[in-house]
Protein chains: 2
Amino acid sequence: MKSRKLYNRIAVLRKERNISRKELAEIIGVNFQTVGYLEREEYNPSLDLAFKISEYFGLPIELIFSTEPLKPLIEEIIELKNKIGGQ
Amino acid sequence: MKSRKLYNRIAVLRKERNISRKELAEIIGVNFQTVGYLEREEYNPSLDLAFKISEYFGLPIELIFSTEPLKPLIEEIIELKNKIGGQ
DNA sequence: ATTTTTTGTTGTATATTTACAATATTTTAT
DNA sequence: ATAAAATATTGTAAATATACAACAAAAAAT
């Protein structure tokens, strides 16, 4: 099965926590270059690795990974604010 | 990275929809034997395949796949009923 | 009861993910 | 400005996921 390219927010989430790829890599138990590949979306993680990343960030997989290109978080926030504010 | 064994509810969910492995396989675009391997938990799906399965069932990945052995759905229901009923 | 469909099993081949190393480039700290 | 740390790039090797085939066993349908 030709795998679709998946998108992710690993780089941004990692930046927000102020940790390096090396540190994240150690936590989730992979080589630090593997984190690089994932952030550059050069390949998709295994489901197990996706779970580890999801566990570390404390976020559901769907919020980190997506089959659709991901909008910047700031835009998501604005959209949500508009939705709520409009009540 | 040695991948952890993951657990899933594909077989039960598929039974509930009354479709065969062959049919599910066609829908998600894999060989029907691959569905067999997944149901028997002989290997983990790729993240992309997990997304496809999640899309077909209309359920989040976390409800289908887990790093912990999964309880039968019926038990989950009982636990939820107890939680709510106890209010 | 027998045919058909579904599922399980085993084996081999290919594709994708991950590890690892070496070096270049960029960013950050001093 | 220079040193140190972080990231990018490239290539090779290993592990895991997927495809596919052939056949056995079990379940469902007739």
Side-chain angles (χ1 to χ4, degrees), chain A residues 1-57 59-62 64-70 72-73, chain B residues 1-57 59-62 64-70 72-73:
Chain A
M1 182 206 46
K2 172 108 189 59
S3 214
R4 290 173 294 184
K5 175 197 170 64
L6 299 180
Y7 304 87
N8 73 72
R9 294 198 219 268
I10 300 173
V12 200
L13 294 171
R14 182 173 63 75
K15 280 289 173 200
E16 285 195 326
R17 314 242 164 164
N18 262 300
I19 59 169
S20 70
R21 285 187 183 165
K22 200 155 157 287
E23 289 167 302
L24 175 57
E26 273 156 26
I27 293 166
I28 62 181
V30 295
N31 193 277
F32 84 99
Q33 325 215 32
T34 298
V35 175
Y37 280 106
L38 295 177
E39 290 192 354
R40 276 175 261 124
E41 293 166 343
E42 287 185 32
Y43 55 55
N44 302 331
S46 64
L47 181 56
D48 182 34
L49 184 47
F51 264 115
K52 284 193 188 133
I53 294 167
S54 147
E55 282 157 17
Y56 169 68
F57 286 118
L59 299 171
I61 288 179
E62 284 83 356
I64 306 176
F65 299 94
S66 167
T67 57
E68 299 295 316
L70 288 159
L73 286 173
Chain B
M1 182 205 48
K2 171 109 187 59
S3 214
R4 290 173 294 186
K5 174 198 170 64
L6 298 181
Y7 305 86
N8 73 71
R9 295 199 219 267
I10 299 173
V12 200
L13 294 171
R14 181 173 62 76
K15 280 290 172 199
E16 284 195 327
R17 313 244 163 164
N18 262 300
I19 59 169
S20 70
R21 286 187 183 165
K22 198 155 158 290
E23 289 168 302
L24 175 57
E26 272 156 27
I27 293 165
I28 62 180
V30 296
N31 191 277
F32 84 100
Q33 327 216 33
T34 298
V35 175
Y37 280 108
L38 295 178
E39 289 192 354
R40 278 175 261 125
E41 293 166 345
E42 286 185 34
Y43 54 56
N44 302 331
S46 64
L47 182 55
D48 182 33
L49 184 47
F51 265 115
K52 283 192 188 133
I53 294 167
S54 146
E55 282 158 17
Y56 169 69
F57 286 117
L59 299 171
I61 288 179
E62 284 83 356
I64 306 175
F65 299 94
S66 167
T67 58
E68 300 294 317
L70 287 159
L73 285 173

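Reminder, nothing fancy here: chain letters follow the sequence lines and each chain counts from 1.
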Rounded distance in Å - CG (A:Asn18) to P (D:dT7): 11 Å
Applying side chain to side chain contact (heavy atoms under 4.5 Å, CB included), can you list everything that pairs with B:Thr67, at least two apart in sequence or on another chain? A:Phe51, A:Glu55, B:Arg4, B:Leu6
Going from CD1 on B:Ile19 to CG on B:Leu24, what distance comes out if it is rounded to the nearest 0.5 angstrom? 4.5 Å
When you measure from the side chain of B:Glu62 to the backbone of A:Ile61, do you find a donor-acceptor pair of N or O atoms at a distance under 3.5 Å? yes
Roughly, in whole Å, what's the span from CD in A:Glu39 to P in D:dT7? 7 Å
Starting from P on D:dA17, measure out to CD1 on B:Ile10 and report it in whole angstrom. 13 Å
Could you tell me whether B:Arg14 and B:Glu23 make a salt bridge, using a distance below 4.0 angstrom between a side-chain N and a carboxylate O? no
Where protein sits on nucleotides 12-30 of chain C, one letter per nucleotide: B base, S sugar-phosphate only, - none, heavy atoms under 4.0 Å: -----SBSBBB--------
Could you give the CD-to-C1' distance, from B:Glu26 to C:dT6, as a whole number of Å? 13 Å
Can you find a side chain N or O atom of A:Arg14 that sits less than 4.0 Å from OP1 or OP2 on D:dT7? yes
Between P on C:dT6 and CD1 on B:Ile19, what's the gap in Å once rounded to a whole number? 11 Å
Lys NZ or Arg CZ of A:Lys5 over A:Tyr7 ring: under 6.0 Å, within 45°: yes
May I ask you to test the A:Phe57-A:Ile28 pair for a side-chain heavy-atom distance under 4.5 Å? no
Round to a whole Å and report the spacing from CD of B:Glu41 to C1' of C:dT9. 17 Å
